[in-house]
Amino acid sequence: MPNQTKTPSIPGPVENAPPKTQVHPPEGQGEASASSLIEKATEAAQRLEAGNKELARLLKIQEQNIIQQMLGGRSVAGQLPKTKEQEDLESAKKLLEGTGYESLFG
């Protein structure tokens, strides 16, 4: 008899799969939890819609403020940034304002 050895078979994905288990909610709770989830989703959608409306309102206000600032000449565009020395001098003037020493800064 010739020397024949069996090679072990490699199990396929079906053979390795765990047994399927089905989870069923207790009697009467499946529909209640489904309707509860739907209610929660509806409430969340309403909150999102309200938040989007508020955001749109705030964006309009912000746009109006930017336009007003640009047209009112209060825009900082084209102005040179203040140096540290200028900022210090202004803060010193504000600090000494009303003390009688304002004349020190000309």
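By convention here, the first residue in the shown sequence is residue 1. From a predicted model like this one, the values you see are computed outputs, not experimental measurements.
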Any chance you could measure D88, atom CG, to Q86, atom CD, to the nearest 0.5 Å?
-> 10.0 Å
Nearest 0.5 Å please: distance from the CD1 atom of I38 over to the NZ atom of K40.
-> 12.5 Å
Remaining members of L59's ILVMFWY cluster at a side-chain heavy-atom cut-off under 4.5 Å?
-> L55
Test side chain to side chain contact (heavy atoms under 4.5 Å, CB included), reference K93, set L89, L96, L95, output is L89
What pairs of residues pass the salt bridge (Lys or Arg N to Asp or Glu O under 4.0 Å) test when at least one of them lies in residues 48-58, not counting sequence neighbours?
-> E54-R57
Do Q46 and T42 pass the side chain to side chain contact (heavy atoms under 4.5 Å, CB included) test, and can you show the C-alpha distance, the side-chain angles, and the key distance before you say yes or no?
-> CA-CA 6 Å; Q46 290 172 348; T42 304; 3.9 Å; yes
Between atom CD1 of I66 and atom CD1 of I61, what is the distance when rounded to the nearest 0.5 Å?
-> 12.5 Å
